[in-house]
Amino acid sequence: MSTVEAKSDSTNIQAHNLDAKLVWRNWALKYWFPVLLLMLVLFYDTGAHMVRTWWVSASFNHGFIIPLICGWLVYEKLPDLYRVKPEFSWIGVLGMIAGGALWFLGEIASVDVISEAGFVGMIQASVLAIFGKKALKTLFFPVAYLAFAVPFGDQFVPILQDFTAEFIVAGIKLLDIPVQHDGIFISIPAGNFLVAEACSGVRFMIAMVAVGTFFAYVGFNSIWRKATIILLSFIIPIIGNGFRALFLVLIAHWTDMEYATGYDHIIYGYVFFTFILLIFLAIGWRFSDVKQINARQNVEEEDSQINISNVKGKLLSAPLIAVYFVVVSTNFAGAGINAEVNSAAENAQIFENHTSWRRSSVADARWTPIFANADKHERGVFRHSSGQVSVYAAHYFNQIDGKELVQKTNAVGGQDWENAAKSMLKLPSGFMFEKVIETRINHGGQRRLAWTIYYIDGSLIADNYTAKLDTVVSRLRGRGAPGGALLISVIIITDEAAARETLKDFVLSIDNLELYFASQVQ
């Protein structure tokens with residue numbers, strides 16, 4: 001090929017690229033940006049709540065950088081994008097409708113994460129709707145990666161707390177150190193420890209999965225290697241957090257509680273997690289097949305060098321982004337329950353006709369559950385030959401956003417009690433309901449066993465998720481989802497079995513709990 005022909009081809013390519021850029025720019029400005037702006041305006045409250053969550057919750061501080069990464073990845077894909085023609089897609093429109101339906105479901109159920117997932121899903125589907133299937137295929141990862149902007153993952157905190165506690169106890173036993181274990185409470189000769197929510201490792205896991213997914217995309221070509229890296233980004237932070245917590249307990253034990261219990265606890269966490277993350281990235285880089293990604297056939301040498309340089313630039317930036325993730329996501333400042341004790345007036349008529357148990361005139365001041373913004377709440381203490389129980393009931397005439405039976409601010413023990421264990425307990429035949437939610441709570445050396453049962457629109461429910469679902473169904477049927485919660489607790493004096501028998505005796509003596517709740521929410 002002559003020099004003149006080469007220059008002519010180069011000029012034609014540049015002219016084609018310029019035309020493609022103009023087509024894409026005009027298409028985006030004319031169609032996609034107005035649609036995006038309209039969604040941001042219509043769903044402003046959802047988007048603003050999501051951003052507030054990024055700001056307030058240390059688990060999701062990385063949310064601010066997700067849109068930036070997605071934008072950068074789209075910028076990297078522009079040369080490939082210019083090779084396809086933008087076109088509308090009805091499938092994308094259906095996807096936006098599905099996202100809107102998910103958002104509506106989240107609003108009805110007052111579950112923010114569902115509303116936010118629907119909102120982000122609409123934005124993702126708009127890419128397909130406005131630019132077409134070929135464009136989405138080119139931009140699939142940047143569009144899919146936007147899902148990490150949804151604040152999701154805190155739901156795993158109780159599971160990870162239990163795992164971390166079990167991990168610590170197993171490690172301590174291997175070293176023949178005496179240990180007592182009560183849920184998330186651990187006691188050794190040197191002192192007592194609590195696996196708090198901030199120590200569950202969920203913050204590091206959420207950030208690590210986001211980093212691992214990004215690293216798998218830029219560093220690997222094989223689908224199996226990508227899957228392995230993403231799987232390791234789940235496993236490594238969980239196991240790593242177990243070792244971190246175990247080492248903290250051991251350091252405190254070996255130094256007679258002098259170290260690893262105060263501010264050095266936090267510094268140690270930062271250093272440990274950063275070290276684990278850098279090791280993870282170093283191992284990933286060692287087995288990266290990025291060079292194979294860029295071994296394109298029939299590519300001129302100059303272009304190949306540019307491509308390889310670009311991908312290396314991505315990989316070199318990955319550790320920097322990862323360090324940002326770990327810095328903003330391993331903040332150990334625990335956020336307590338902000339809800340105040342219910343201000344609704346108490347009603348002294350709770351179980352007034354409960355003849356087999358004698359009502360006490362003395363209130364149980366140590367146990368104050370929180371059910372935020374209840375329309376009415378009642379308290380009582382009952383005594384019997386089999387023991388003493390404390391009873392609390394909350395009533396909602398109409399569940400709306402911020403006034404719900406199941407929400408994060410509600411707490412079985414209130415502000416001062418820690419949940420040591422929580423499970424679903426199946427009751428023997430003869431009870432008016434088959435199951436209850438059993439929670440063991442601890443505070444100031446006192447242990448309690450508490451049972452919770454919900455009432456929603458005529459049904460007794462012993463499951464948070466079912467309660468949420470029934471609330472949604474009731475609202476869709478136009479009933480307003482009236483409901484309530486009954487909590488019964490007893491102090492554990494000897495063992496849990498004895499406390500559980502006391503609770504059973506009390507529940508068996510209750511007459512028609514559905515009628516009681518129905519009379520309160522009229």
Side-chain angles (χ1 to χ4, degrees), residues 36-37 39-76 99 102-103 106-107 110-127 139-157 160 197-198 200-218 230 233-234 237 241 269-270 273-274 277 280-281 314 317-335 338 407-409:
L36 177 63
L37 181 61
M39 286 191 292
L40 293 177
V41 172
L42 291 177
F43 303 100
Y44 171 79
D45 289 341
T46 301
H49 184 276
M50 190 162 61
V51 173
R52 282 195 298 271
T53 303
W54 297 346
W55 180 262
V56 172
S57 175
S59 299
F60 304 109
N61 290 157
H62 63 275
F64 287 103
I65 202 174
I66 294 296
L68 300 179
I69 292 178
C70 293
W72 176 61
L73 292 174
V74 170
Y75 176 79
E76 290 287 323
L102 185 63
W103 173 87
E107 290 297 299
S110 297
V111 180
D112 294 327
V113 68
I114 295 179
S115 299
E116 290 159 357
F119 171 62
V120 172
M122 282 187 282
I123 295 177
Q124 293 170 312
S126 70
V127 176
L139 299 176
F140 181 78
F141 183 82
V143 172
Y145 196 70
L146 190 62
F148 281 104
V150 178
F152 177 78
D154 275 351
Q155 295 80 3
F156 300 115
V157 166
L160 293 179
E197 291 185 4
S200 67
V202 69
R203 298 173 181 175
F204 184 54
M205 184 191 74
I206 293 171
M208 186 80 158
V209 171
V211 172
T213 303
F214 171 74
F215 189 47
Y217 170 71
V218 299
I230 294 174
S233 69
F234 276 99
N241 183 67
Y270 278 123
F273 281 145
T274 302
L277 184 51
F280 168 75
L281 292 173
K314 292 180 183 180
S317 66
L320 298 177
I321 295 174
V323 169
Y324 174 83
F325 271 107
V326 74
V327 168
V328 301
S329 302
T330 54
N331 181 357
F332 280 86
N338 295 322
Q407 56 181 317
K408 288 183 178 180
T409 54

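- With sequence neighbours excluded, the residues satisfying side chain to side chain donor-acceptor pair (under 3.5 Å) with S126 are W32.
- Shown here are the side chain to side chain contact (heavy atoms under 4.5 Å, CB included) partners of L42, two or more places apart in sequence or in another chain: L38.
- The nearest pair of heavy atoms linking G153 to V202 is O-CG2, 3.2 Å.
- The two atoms that bring C70 and P142 nearest to each other are SG-O, 3.3 Å, heavy atoms only.
- With contacts defined as side-chain heavy-atom distances shorter than 4.5 Å, the pair L160/N241 does not qualify.
- Here the CD1-CG distance, from I66 to L146, works out to 8.0 Å after rounding to the nearest 0.5 Å.
- For W54, there are no side chain to side chain donor-acceptor pair (under 3.5 Å) partners at least two apart in sequence or on another chain.
- For F152, the ring pair (Phe, Tyr, Trp, His ring centres under 6.0 Å) partners at least two apart in sequence or on another chain are F156.
- Between G212 and S233, the shortest heavy-atom distance links the atoms CA-CB, 4.0 Å.
- Of the inter-residue distances, the one linking I206 atom CD1 with F148 atom CZ reads 10.5 Å to the nearest 0.5 angstrom.
- With sequence neighbours excluded, no residue forms a side chain to side chain donor-acceptor pair (under 3.5 Å) with Q124.
- The side chain to side chain contact (heavy atoms under 4.5 Å, CB included) check on A216 picks up K226, I229, I230, with sequence neighbours excluded.
- Qualifying ring pair (Phe, Tyr, Trp, His ring centres under 6.0 Å) partners for F43, counting only residues two or more places apart in sequence or in other chains: W103.
- In terms of the side chain to side chain donor-acceptor pair (under 3.5 Å) criterion, residue partners of S115 (sequence neighbours excluded) are, by chain and number, E107.
- Across all their heavy atoms, M50 and P151 have their closest contact at CG-CD, 3.6 Å.
- Separating the CZ atom in F119 from the CG atom in L40 is a distance of 5.0 Å, to the nearest 0.5 Å.
- To the nearest 0.5 Å, atom CD1 of residue I65 and atom CZ of residue F214 are 9.0 Å apart.
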